[in-house]
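Letters A, B, ... are given to chains in the order of the sequence lines, protein chains preceding strands, and every chain is numbered from 1. For the numbers below, each heavy atom of this structure counts, side chains included, while hydrogens, waters and symmetry mates do not. All of these numbers come straight from a predicted model, not from anything done at the bench.
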Protein chains: 2
Amino acid sequence: MKYIEKLRNSGLRPTKQRLQICEVLFNTDKTFHFTINELEQKIKKQANNKISLATLYNTVHAFEKKGYLKQIPINSSETYFDTNVTDHHHFYDLKEEKLIDLENSDVGPINILKKINGKKIKSVEVLVKLED
Amino acid sequence: MKYIEKLRNSGLRPTKQRLQICEVLFNTDKTFHFTINELEQKIKKQANNKISLATLYNTVHAFEKKGYLKQIPINSSETYFDTNVTDHHHFYDLKEEKLIDLENSDVGPINILKKINGKKIKSVEVLVKLED
DNA sequence: ATAGTAGTTTATAATGATTCTAAAAAACTG
DNA sequence: CAGTTTTTTAGAATCATTATAAACTACTAT
Ligand SMILES: [Mn+2]
Ligand SMILES: [Mn+2]
Ligand SMILES: [Zn+2]
Ligand SMILES: [Zn+2]
């Protein structure tokens, strides 16, 4: 299993559940966006078994802390996560409630001129809301 | 009262509660960011009386729909609103959990090149996360 | 003004995403 | 294997937000 090392190197024991979550999240060409509940559904189908919500929350937050997932800043009833952890931006289709990646070349470089004393910039994210 | 007209023009009856909320939100030189609970506190102090949470939620959402308030896309436990409804961007201080306005001149123009069929761009917002 | 009606406020309940708890299970270490 | 630590899990708790429905208020038409 290719995720055992990854988990061990992160100080996380490679449990059956975590490996399964890795498969669903990372064993794919395309990156994608998901909510915890969508992840739960996906695992039910794709792996044909169930992982408790508590574990899904725990694992997703652990992966986020390790930098394997990103949380997308958006006001929705559910939190969205992104398996694409590179710096990139998003469309948010308000009607469909769906996120779409924007390549950096679709937005161009953003140069923040203002500085706040004693603070470092951690991320710069653009959210483009779409309506019909 | 200068807000009676504004409310009537928006199809909202100028009630005591709404006028009070208008005073707190709009009768000031500086725009600001707030959560519903901060607004509740502010009204308790500034007006020395209480407006029910239900009314605060209703009114804030009504004002948002009319374009007098903006919701700020951010993942926080509480929803942030902004009395500055012009197009502008934000710093978010992760430690202090505080929002700071960025002028457009601090960010520069953002030109979204990608188009989605049948969708219009409603807003373009930059969120800059700050850490120590 | 008065009566009628449509809109508003409010306390309170319901909802639902997320977090907490604590006991059982699994992974590791020697 | 025995001992220890970490993880999983069901279920409870939390808490922001929304729904409910009864009392109240603002407006409209007589
Ligand atoms: Mn979270
Ligand atoms: Mn809201
Ligand atoms: Zn993305
Ligand atoms: Zn602002």
Side-chain angles (χ1 to χ4, degrees), chain A residues 1 3-25 33-44 47 49-66 68-69 71-81 97 99, chain B residues 1 3-25 33-44 47 49-66 68-69 71-81 97 99:
Chain A
M1 290 295 221
Y3 298 113
I4 291 181
E5 270 311 287
K6 180 176 179 167
L7 288 169
R8 281 232 179 77
N9 291 339
S10 311
L12 299 170
R13 290 183 179 175
T15 63
K16 184 158 56 71
Q17 290 84 349
R18 282 175 180 161
L19 289 168
Q20 207 152 91
I21 292 170
C22 281
E23 289 292 333
V24 171
L25 292 182
H33 310 114
F34 66 94
T35 66
I36 296 283
N37 284 294
E38 287 167 358
L39 178 57
E40 192 192 21
Q41 295 310 311
K42 208 161 195 169
I43 282 169
K44 264 202 204 120
N49 74 341
K50 174 186 180 273
I51 297 176
S52 78
L53 265 185
T55 297
L56 292 175
Y57 275 102
N58 286 343
T59 302
V60 163
H61 283 131
F63 286 2
E64 187 198 4
K65 193 168 293 175
K66 296 297 176 184
Y68 304 144
L69 291 173
Q71 218 180 328
I72 300 177
I74 202 179
N75 290 115
S76 161
S77 54
E78 288 174 86
T79 302
Y80 275 90
F81 292 91
E97 297 188 317
L99 283 160
Chain B
M1 291 293 222
Y3 298 113
I4 292 180
E5 271 310 290
K6 179 175 181 169
L7 288 169
R8 281 231 179 79
N9 292 338
S10 313
L12 299 169
R13 290 185 179 173
T15 63
K16 184 159 55 74
Q17 290 85 347
R18 284 175 178 158
L19 289 169
Q20 207 152 90
I21 293 170
C22 280
E23 288 292 333
V24 171
L25 293 182
H33 309 115
F34 66 94
T35 66
I36 296 284
N37 284 295
E38 287 166 359
L39 177 58
E40 191 190 24
Q41 296 310 310
K42 207 163 196 167
I43 283 170
K44 264 203 205 118
N49 74 340
K50 174 187 179 276
I51 297 177
S52 77
L53 265 185
T55 297
L56 293 175
Y57 275 101
N58 286 342
T59 303
V60 164
H61 284 130
F63 286 2
E64 187 198 5
K65 192 166 294 175
K66 295 298 176 185
Y68 304 145
L69 290 174
Q71 217 181 328
I72 300 176
I74 202 177
N75 289 116
S76 162
S77 54
E78 288 174 88
T79 302
Y80 275 90
F81 293 91
E97 296 187 316
L99 283 161

> With respect to the phosphate group of dT18(C), does any side-chain polar atom (N or O) of His61(A) fall under 4.0 Å of OP1 or OP2?
Replying inline: no

>> Whole angstroms only, please: what is the CD1-P distance between Ile21(A) and dT7(D)?
In response: 12 Å

>> Using 0.5 Å steps for rounding, measure from the CG atom of Leu56(B) to the CG atom of Leu39(B).
In response: 5.0 Å

> Distance from Glu40(B) atom CD to Ile36(B) atom CD1, nearest 0.5 Å?
Replying inline: 9.5 Å

>> For Thr55(B), give me all partners under side chain to side chain donor-acceptor pair (under 3.5 Å), at least two apart in sequence or on another chain.
In response: Ser52(B)

> Which pair of non-hydrogen atoms, one from Leu12(B) and one from Lys66(B), has the smallest distance, and what is that distance?
Replying inline: CD1-CG, 4.4 Å

>> Please give me the minimum heavy-atom distance between Glu64(B) and Gln71(B), naming the atom from each residue.
In response: OE2-OE1, 3.0 Å

> In B/S/- notation, 5' to 3', how is nucleotides 7-15 of chain C contacted by protein heavy atoms closer than 4.0 Å?
Replying inline: SSBBB----

>> Ignoring hydrogens, what is the shortest heavy-atom contact between Arg18(B) and Phe63(B)? Give both atom names and the distance.
In response: O-CZ, 4.4 Å

> dT17(D) C1' sits how many Å from Glu64(B) CD, rounded?
Replying inline: 13 Å

>> How long is the straight-line distance from CG of Leu99(A) back to OG1 of Thr35(A), given to the nearest 0.5 Å?
In response: 10.5 Å

>> Tell me the interatomic distance from Glu40(B), atom CD, to dA16(D), atom P, rounded to whole angstroms.
In response: 11 Å

>> Counting only side-chain nitrogens and oxygens, does Arg8(A) get under 4.0 Å of the OP1 or OP2 atom of dA27(C)?
In response: no

>> Can a donor-acceptor pair be found, under 3.5 Å and without considering hydrogens, that links the side chain of Arg8(B) to the backbone of Pro14(B)?
In response: no

> Does Tyr57(A) put a side-chain nitrogen or oxygen below 4.0 Å from OP1 or OP2 of dT19(C)?
Replying inline: no

>> Measure CD/Glu78(A) against P/dT18(C) and give the value in whole Å, please.
In response: 6 Å

So which protein nitrogen or oxygen atoms get under 3.5 Å of nucleotides 21-24 of chain D's nitrogens or oxygens?
none

>> Tell me whether Lys42(A) forms a cation-pi arrangement with Phe34(A), defined as NZ or CZ under 6.0 Å from the six-membered ring centre and within 45 degrees of its axis.
In response: no

> What's the CZ-P distance between Phe81(B) and dA16(D), to the nearest Å?
Replying inline: 14 Å

>> dG16(C), OP1 or OP2 - any side-chain N/O from Ser77(A) closer than 4.0 Å?
In response: no

> How close or far is atom C1' of dT25(D) from atom CG of Leu7(B), stated in whole angstroms?
Replying inline: 15 Å

> What nucleic acid atoms does Thr35(B) come within less than 4.0 Å of, heavy atoms only: base, sugar-phosphate, or nothing?
Replying inline: nothing

> Whole-Å distance between dA27(C) C1' and Tyr3(A) OH?
Replying inline: 21 Å

